[in-house]
Amino acid sequence: MKTPIRKILSLIIPLFIGLGIMYYQFSTMTTEQIEKTKISFLKADYFYIFLSLFIALFGYWSRAYRWKYALQHLGYKTKFSNDLMTVCVSYLVNLTIPRSGEISRAALLKKYEDVPFDKAFGTVVAERIVDMLIFLLFLAIGFVLQFDTIYQFLLENGVKFETLIWLSIAGFILFVLFVLIWIYAEWNIILKLKQKLSGLIEGMQSILKMKDKWNYIFHSFFIWFSYLMMFYVTIFALPETANISFDIVVMGFIFGTLAVGFSNGGLGAYPLAISTVLLLYGIPEETGAAFGYLVWTSQTVLTIFLGLLSYLLLPILNKK
């Protein structure tokens, strides 16, 4: 009985955490602020919301197409429809348990294309590493563009900038030590671990060795470009956010991405992160919350629709 209970808890706990954040956000808002948020939803120009969803489809397509290059390098020619549908399902699964969608992608590809789980999962891990590097590039750009605002915000909240620098240096040193130990150490535990993870490592290394690596890199940047654009066009849905500068959009995009990455699809955390960032630039909390919920709700509805549709179509289109 323990396993089913654990599975149920793993689904329920993240949901309640997200709902708790949403409750906290609304409980700290006055009745007037909540009413203004409702008004913002009613007066929003939903043309830009649907435009954002249309742009999001290109991100789905590009992520699936990028995956094909890594799989082909490993010798597996998969149907693009299966790649796309497994990507859609993975986005849906990520709404329950953060980052669990990566496992579902590899598992579904094993089921419908007979690609070994460890190799498929290795290609997904490699994708996440590339995505993380591109996100760090966004982070660096946002940090440079908004250094004064970030620095002032840290000072007001009692965080010393020097502390962050030392923590970054310590983290980098630990990472370098781990890489050196992994490459050069002849310890039995390291050798056994390498043997166990050989398929995973092969999948991760597929990027460096594939002949289509530049196409892979192009799609990697295109995916994040589509993410940024679908966030950017949404600002025109509300009059209060329509005139914010692009550097503020980048900061909102960065914090929104962090909220999604560290929660189950950004439930509760995404609107809170967006409203907090926009508040730094003088945009009222209720407007920032409304904007955050507009973006999050529309993208979540699309994720659920495509995920469920793909989950239903996978067995039907792969009967043979």
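Computed from a predicted model, the values in this text were never measured in an experiment.
Side-chain atoms of Leu95 and Thr303, non-hydrogen and from C-beta on, do get closer than 4.5 Å to each other. The closest side-chain heavy-atom distance from Cys88 to Tyr311 is not below 4.5 Å. With contacts defined as side-chain heavy-atom distances shorter than 4.5 Å, the pair Leu278/Phe291 qualifies. Contact check for Leu136 versus Leu139: side-chain heavy atoms found under the 4.5 Å cut-off. Here the side chains of Leu53 and Phe305 are not in contact, with every heavy-atom distance at 4.5 Å or above. A 4.5 Å side-chain heavy-atom check between Met230 and Tyr227 finds at least one atom pair inside the cut-off. You'll find the side chain of Met85 reaches within 4.5 Å of the side chain of Asn82, heavy atoms only. Looking at heavy atoms from C-beta onward, Tyr60 lies in side-chain contact with Leu306 at the 4.5 angstrom threshold.
Cluster membership check: Phe221 shares its hydrophobic cluster with Phe225, using side-chain heavy-atom separations under 4.5 Å among Ile, Leu, Val, Met, Phe, Trp and Tyr. When the side chains of ILVMFWY residues are joined at heavy-atom separations under 4.5 Å, either directly or via intervening members, Tyr91 and Val301 end up in two distinct hydrophobic clusters. Trp214 and Ile134 end up in the same hydrophobic cluster when Ile, Leu, Val, Met, Phe, Trp and Tyr side chains are linked at under 4.5 Å. Residues Ile316 and Tyr112 do not share a hydrophobic cluster, clusters being chains of Ile/Leu/Val/Met/Phe/Trp/Tyr side chains in contact below 4.5 Å. The hydrophobic cluster containing Ile235 also contains Ile141, counting ILVMFWY residues as joined when their side-chain heavy atoms lie under 4.5 angstrom apart, directly or transitively.
Taking Glu113 as the reference, nothing meets the salt bridge (Lys or Arg N to Asp or Glu O under 4.0 Å) condition, with sequence neighbours excluded. In this structure, the salt bridge (Lys or Arg N to Asp or Glu O under 4.0 Å) partners of Lys43, at least two apart in sequence or on a different chain, are Glu240.
Heavy-atom contacts from other residues, nucleotides or ligands closer than 6.0 Å to CZ of Phe117 number more than 12. Applying the 6.0 Å contact sphere to CZ of Phe50 captures no more than 12 heavy atoms from other residues, nucleotides or ligands. Summarising the local packing, NZ of Lys213 is surrounded by more than 12 heavy atoms from other residues, nucleotides or ligands at distances under 6.0 Å. The 12-atom threshold is exceeded at CZ of Phe222, counting heavy atoms of other residues, nucleotides or ligands nearer than 6.0 Å. Environment of OH in Tyr76: crowded, with over 12 heavy atoms of neighbouring residues, nucleotides or ligands closer than 6.0 Å. With a 6.0 Å radius and a threshold of 12 heavy atoms from other residues, nucleotides or ligands, Phe80 has its CZ atom above the threshold.
In this structure, the ring of Tyr69 has its center no less than 6.0 angstrom from the ring center of Tyr216. In this structure, Trp61 has its ring center under 6.0 Å from that of His219.
Taking the six-membered ring where the residue is Trp, Tyr232 and Phe246 present perpendicular rings, their angle passing 60° and hence far from 30°. The aromatic rings of Phe236 and Tyr48 lie tilted to each other, with the angle between the two planes from 30° to 60°.
With rounding to the nearest 0.5 Å, the separation of CG in Leu71 from CZ in Arg66 is 11.5 Å. Taking CG of Leu309 as the reference point, atom CG of Leu314 lies at 9.5 Å (rounded to 0.5 Å). Summarising the geometry, atom CZ belonging to Phe255 is positioned 11.5 Å from atom CG belonging to Leu272; distances are rounded to the nearest 0.5 Å. Taking CG of Leu177 as the reference point, atom CZ of Phe175 lies at 11.0 Å (rounded to 0.5 Å).
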Practice prompt. Report the C-alpha distance between Asp83 and Lys79 in whole Å, list the side-chain angles of each, state the deciding distance to 0.1 Å, and finish with yes or no for salt bridge (Lys or Arg N to Asp or Glu O under 4.0 Å).
Written response: CA-CA 6 Å; Asp83 297 336; Lys79 293 179 182 177; over 6 Å; no
Discussion item. Working note: Thr297 + Ile49, criterion side chain to side chain contact (heavy atoms under 4.5 Å, CB included); need CA distance, chi angles, decisive distance, verdict.
Written reply: CA-CA 10 Å; Thr297 303; Ile49 302 298; over 6 Å; no
Worksheet item: Please walk me through it: do Ile254 and Phe135 pass side chain to side chain contact (heavy atoms under 4.5 Å, CB included)?
Response: CA-CA 8 Å; Ile254 289 170; Phe135 176 71; 3.9 Å; yes
Discussion item. Apply side chain to side chain contact (heavy atoms under 4.5 Å, CB included) to residues Trp67 and Arg105 and explain how you reach the verdict.
Written reply: CA-CA 11 Å; Trp67 198 16; Arg105 275 177 68 182; 3.1 Å; yes
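In this structure, the side chain of Thr123 engages the main chain of Ala120 through a donor-acceptor pair within 3.5 Å. A donor-acceptor contact shorter than 3.5 Å is absent between the side chain of Ser310 and the backbone of Gly307.
Of all heavy-atom pairs spanning Ile283 and Gly288, the tightest one is CG2-N, 4.2 Å.
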